[in-house]
Amino acid sequence: MSLDVASDDPVHAQYEAYPYPPRDPRDEAKRLVTGSPSHLAEVVHFVFGGRFDPTRRLRALVAGGGTGDAAIMLAQQLADAGCADAEVTYVDWSRASRAIAEARAAARGLANLRFATGSLLALDALGLEALATGGFDYIDCCGVLHHLEDPDAGLASLAAALAPEGGMGLMVYAPLGRVGVYPVQALLRGLGTDGTPAERVALARRLLNQLPPTNWLKRNPFMTDHLVEGDPGLYDLLLHARDRAYSVDEVHDFVARAGLRLLGFTPPARYEPRHYITDPALLKRLDGLDARAAAAFAENLAGNIKSHAFYVVRSGNAVAPPAADSLDLVPVPANVELAQLARSIGGNGVVTATVDGLPFRMPVPRLTGALLARIDGRRSLREIHADLAARDPKLTEAAFLQQFQQLFANLHALGKLMLRRPA
Ligand SMILES: C[S@@+](CC[C@H](N)C(=O)[O-])C[C@H]1O[C@@H](n2cnc3c(N)ncnc32)[C@H](O)[C@@H]1O
C-alpha cells in the first residue's frame, strides 16, 4: 500500500530529512519503547471500558507513525497477548521514517504490522482494508496533528476512519511546559530559512551557544529534546516548519469540534490539582470544579505540561473506564516494573514520583507490597484475595477491596495501573 507522495509541504520535507524520534533498529534486541498514548493496558482501560477479548478481530491505525514507537509497541503487546486476529496499520508520508519503522518491525519479527505511505488527510486513497470493513477500532496519533496546516481537518479525517465503538489515543503539544521554545523558533526564522537542513542545524547550534542566561529556553530545564536527541531532536523542536500548542481548554474544544468526547488525560495526576494542593481553603474551592476546570487549573498551576496525551471516543459512545469496585477485575500494570516500584516504596507507606520536576507523594495502604507482588495483568482481584486470605483468614473481601482501591487511586493517577474486566 503506497501513495505517491508529491507534497511540497515543508513538514513532509523535514521528516524525510530528519525522521523523528531518532531510533536504531538494533536497539529492538535490548528494549521495547513503551509510553502514552497507546500502551495496550491504557487502551483497554480507557477506550474499551476495560473490556478486552484477545480472540476478537481488532484493527488499529497509527497515523503519522514516524519511526515506529507506537506501532511497534502496540503490535508487540497484541502479539504477546496472543491476539491472533489483531492487526496494526502504520501510515506516514515520510518514506525515510517508514524505512526505520519497518526495520524495527523486522528486527522483532512482527507479523501483525502493515505499512502504508501517504497522508492521514487522504486515508481513502491508501486502500486500507479496515476502512472497507467498518473502520478502525483504535487510532493512535501522537505528536502529529499539531504539525498540520489544519489540525481540525486531520482530526476529522481520523474520526471518519473510526469504527462506531472505536477510540483514539492522541498527543498534542501544550504551551506552558514549552516555555522558551517558540521565541527561539522565531529567532531562528529571523536569521533566515534558507540553506540545507544541515546548515540550518549548524546555525541553530551557534545560536544555542549564545543564548544568554536570561533566555526562557535556557531557563526551562525540562525542555531538553534539542540537547539529548541530536540533530533530529534539535530540528523537531526549534526549526520545525509548523507547530502549535493546545491548552487543556483548547484540547476540549478541538475534540468536541470533531464530534468526539474526551475520556481523560494521562497520567491523570498531572490534571488533578488535589494531588498536590494541601491548603484546606483552596481544597474546598477545588471541590467545586468539574474535571475540565480542574485540569485547566492544574495546567496553569504546575506550569510544566509540555504535551497532552489523552483518549477520545465518538461523542455518542457512552463507554467509561472501569471503577475499582469489583473483585472480578484484573489489575494490569502499565509503563512500570512493579517489583521495582515495590522496592522504591519499601516500608515508607508512600509512593513518590517526580514528573517533569513536579513532585508527587502519595500514601499507599498496608497491603501494597503483597498486592504489587501478585499483580501480573492476568490474575483477578478475587484470585489475589484468595491467595492472601489463605495466609490471613481474617482478611475479608471488603477489607481487601478497600486496600486495593486506595492503592489503585494513586497508582492509576500516576499512569502505572489500569483495570480489565473479566473475559
Ligand atoms: C513528531 S513525528 C511523531 C512520530 C510518532 N507518531 C511518534 O510519536 O513517535 C510526526 C510524524 O507525523 C508525520 N506526518 C505529519 N503530517 C502528516 C500527514 N499529513 N500525513 C502522514 N504523516 C504525517 C511525519 O512525517 C512524522 O513522521
Side-chain angles (χ1 to χ4, degrees), residues 1-25 27 32-39 42 60-75 88-102 104-105 113 115-126 128 138-158 160-161 168-174 178 181 197 225-226 229-245 266 306-310:
M1 284 178 282
S2 176
L3 182 73
D4 191 22
V5 183
S7 164
D8 55 3
D9 191 314
V11 172
H12 176 222
Q14 168 177 338
Y15 286 109
E16 292 295 15
Y18 288 117
Y20 185 86
R23 293 284 181 246
D24 182 342
D27 290 338
L32 175 68
V33 177
T34 63
S36 301
S38 301
H39 189 293
E42 280 184 9
L61 171 69
V62 178
T67 48
D69 280 2
I72 298 285
M73 168 176 69
L74 199 50
V88 179
T89 299
Y90 161 111
V91 170
D92 201 293
W93 63 2
S94 158
R95 288 179 197 283
S97 301
R98 171 178 169 171
I100 295 166
E102 273 185 308
R104 293 175 71 186
L113 191 43
F115 289 87
T117 300
S119 174
L120 65 85
L121 292 164
L123 292 171
D124 282 342
L126 294 173
L128 306 177
Y138 179 69
I139 298 177
D140 166 280
C141 191
C142 175
V144 181
L145 294 169
H146 49 225
H147 294 312
L148 301 183
E149 197 161 11
D150 182 353
D152 280 34
L155 191 54
S157 170
L158 299 182
M168 297 193 224
L170 306 173
M171 184 279 267
V172 294
Y173 290 151
R178 286 171 70 78
V181 170
D225 302 18
H226 57 304
E229 289 189 322
D231 290 357
L234 186 149
Y235 208 101
D236 217 76
L237 190 72
L238 302 176
L239 289 165
H240 209 291
R242 188 190 307 124
D243 85 55
R244 57 154 300 180
T266 190
K306 296 187 282 194
S307 59
H308 299 297
F310 52 98

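Index from 1, following the sequence. Both ligands and their constituent atoms are indexed starting at 1 by order of listing. Bear in mind that the values here come from a model prediction, so they are computed numbers and not experimental data.
- The shortest N or O to N or O distance between Ala63 and ligand 1 is not below 3.5 Å.
- Atom numbering of ligand 1 starts at 1 in the shown order; those under 4.0 Å from a heavy atom of Gly118 are 20 (N), 21 (C).
- Side-chain contact between Val181 and His226 is absent, with no heavy atoms from C-beta onward closer than 4.5 Å.
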Run the side-chain contact (heavy atoms from CB on, under 4.5 Å) check on Tyr90 and Ser97 step by step: do they pass?
-> CA-CA 11 Å; Tyr90 161 111; Ser97 301; 3.8 Å; yes
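- Nearest to atom 10 (C) of ligand 1 by heavy atom, out of Gly143, Ser307, Ala96, Gly66, is Gly143.
- Nearest-residue assignment for atom 25 (O) of ligand 1 (options Asp236, Leu145, Asp92, Val144; heavy-atom criterion): Asp92.
- Residue contacts with ligand 1 for Tyr20 involve both N, CA, C or O and side-chain atoms from C-beta outward (heavy atoms, distance under 4.0 Å).
- Ranking protein heavy atoms by distance to atom 14 (N) of ligand 1, first place goes to Trp93 NE1, 3.4 Å.
- Every atom of ligand 1 is numbered from 1 in the order shown, and the set under 4.0 Å from a heavy atom of Ser94 is 25 (O).
- Summarising the geometry of His308 relative to Ala174, their closest heavy-atom pair is NE2-CB, 3.3 Å, with the distance given to 0.1 Å.
- In this comparison of Ser119, Cys142, Ala13, the heavy atom closest to atom 7 (C) of ligand 1 sits on Cys142.
- Proximity of a side-chain donor or acceptor of Tyr18 to a complementary backbone N or O of Gly233 within less than 3.5 Å is not detected.
- Of the possible donor and acceptor atoms, none in the side chain of His39 sits under 3.5 Å from a partner among the backbone N and O of Thr34.
- A distance-only check finds no donor-acceptor pair linking the side chain of Thr266 to the backbone of Ala309 [under 3.5 Å].
- Every atom of ligand 1 with a heavy atom of Gly65 under 4.0 Å away is listed here by number and element: 5 (C).
- Contact annotation: for Leu148 versus ligand 1, heavy atoms closer than 4.0 Å belong to the side chain alone.
- The pair Asp69-Arg104 meets the salt-bridge criterion, with a side-chain N (NZ, NE, NH1 or NH2) lying under 4.0 Å from an Asp/Glu carboxylate O.
- Inclusion of His147 in the set of residues having an N or O under 3.5 Å from an N or O of ligand 1 is not warranted.
- Listed for the Glu229 side chain is no donor-acceptor partner under 3.5 Å among the backbone atoms of Pro22.
- The distance criterion of under 3.5 Å between nitrogen or oxygen atoms is met by Gly64 with respect to ligand 1.
- The closest protein non-hydrogen atom to atom 24 (C) of ligand 1 is Tyr15 CD1, 3.3 Å.
- Near Pro21, meaning under 4.0 Å from one of its heavy atoms, ligand 1 places the atoms 9 (O).
- In this structure, Tyr15 and His147 have tilted ring planes: the angle between them lies in the 30° to 60° band.
- In terms of protein heavy-atom proximity, atom 20 (N) of ligand 1 is nearest to Leu120 N, 2.9 Å.
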May I have the step-by-step check of side-chain contact (heavy atoms from CB on, under 4.5 Å) for Leu113 and Glu102, ending in yes or no?
-> CA-CA 9 Å; Leu113 191 43; Glu102 273 185 308; over 6 Å; no
